[in-house]
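Right, one structure below, let's go through it.
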Amino acid sequence: QVQLGESGGGLVQAGGSLRLSCAASGRTFSRYFMGWFRQAPGKERELVAFISWNGEYTHQGDSVKGRFTISRDNAKNTVYLQMNSLKPEDTAVYYCAAALKATTDSRDYDYWGQGTQVTVSS
């Protein structure tokens, strides 16, 4: 069982930066691939990025490549999403999630946080 809690969302102007954090409970955090997803009103949930259990492999969605970076600290049971050069279209609720394999499909993620709102003003 893994419980996840996101923090770090807020309101930022276009071109600005935010860092999201996702703290996990449980001693098995390092077994999981961790992903960040987002969902804007009226749109489907989309993968932002995911990272392997040891942090050696990462994958970013096409819409955020070169702007967002995912990382993790297994000693702190935390995964991060550094978001730079933010655009209004990045506005969404951002969720972290845990899966036992490398996957871009949200259906494969077993545990989810409650989400944190990111709003980018133009």
Side-chain angles (χ1 to χ4, degrees):
Q1 187 83 12
V2 177
Q3 293 183 319
L4 304 172
E6 303 92 337
S7 61
L11 174 64
V12 64
Q13 288 188 330
S17 298
L18 280 176
R19 188 175 83 153
L20 305 183
S21 298
C22 173
S25 66
R27 293 176 291 178
T28 59
F29 173 75
S30 61
R31 294 177 53 195
Y32 288 89
F33 288 78
M34 296 299 298
W36 284 99
F37 289 80
R38 67 185 182 186
Q39 189 166 20
K43 295 188 176 181
E44 292 187 356
R45 189 169 294 188
E46 68 167 329
L47 176 77
V48 176
F50 75 79
I51 188 167
S52 63
W53 65 273
N54 59 2
E56 291 185 354
Y57 177 78
T58 63
H59 170 87
Q60 288 80 35
D62 289 340
S63 61
V64 305
K65 277 180 181 176
R67 300 189 298 123
F68 291 11
T69 302
I70 189 170
S71 62
R72 69 190 294 164
D73 185 340
N74 285 345
K76 295 183 178 180
N77 277 14
T78 302
V79 62
Y80 305 97
L81 185 68
Q82 178 66 44
M83 306 186 294
N84 299 328
S85 302
L86 282 160
K87 305 175 181 180
E89 51 263 44
D90 294 318
T91 295
V93 177
Y94 284 70
Y95 301 87
C96 66
L100 287 173
K101 63 179 181 180
T103 177
T104 60
D105 190 338
S106 62
R107 295 170 295 181
D108 292 326
Y109 284 79
D110 301 308
Y111 302 102
W112 292 81
Q114 81 286 353
T116 186
Q117 176 70 47
V118 171
T119 303
V120 184
S121 63
S122 57

For the residue pair F50 and F33, does the interplanar ring angle fall in the parallel (under 30°), tilted (30 to 60°) or perpendicular (over 60°) class?
->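 Perpendicular, since the angle between the ring planes exceeds 60°.
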When the ring planes of F37 and W112 are compared, do they come out parallel, tilted or perpendicular, using 30° and 60° as the limits?
->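 It falls in the tilted class, 30° to 60°.
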In plain terms, say whether D90 and K87 are close enough for a salt bridge, that is, a side-chain N and a carboxylate O under 4.0 Å apart.
->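 Looking at D90 and K87, the cut-off is not met.
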Ignoring hydrogens and angles, tell me if any N or O in the side chain of [X] forms a donor-acceptor pair with the backbone of [Y] under 3.5 Å.
X	Y	value
T103	D108	no
T28	G26	no
R72	S52	yes
Q13	V120	no

Look up atom [atom1] in [X] and atom [atom2] in [Y], then write down how far apart they are to the nearest 0.5 Å.
X	Y	atom1	atom2	value
M83	S17	CE	OG	8.5 Å
N84	F68	CG	CZ	8.5 Å
Y32	W53	OH	CH2	14.5 Å

Verify the distance criterion only: is there a donor paired with an acceptor across the side chains of R38 and S63 at less than 3.5 Å?
->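 Distance-only check passes for R38 and S63.
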D73: partners by salt bridge (charged side-chain N to carboxylate O under 4.0 Å, His left out), with sequence neighbours left out |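 Applying salt bridge (charged side-chain N to carboxylate O under 4.0 Å, His left out) to D73 gives none.
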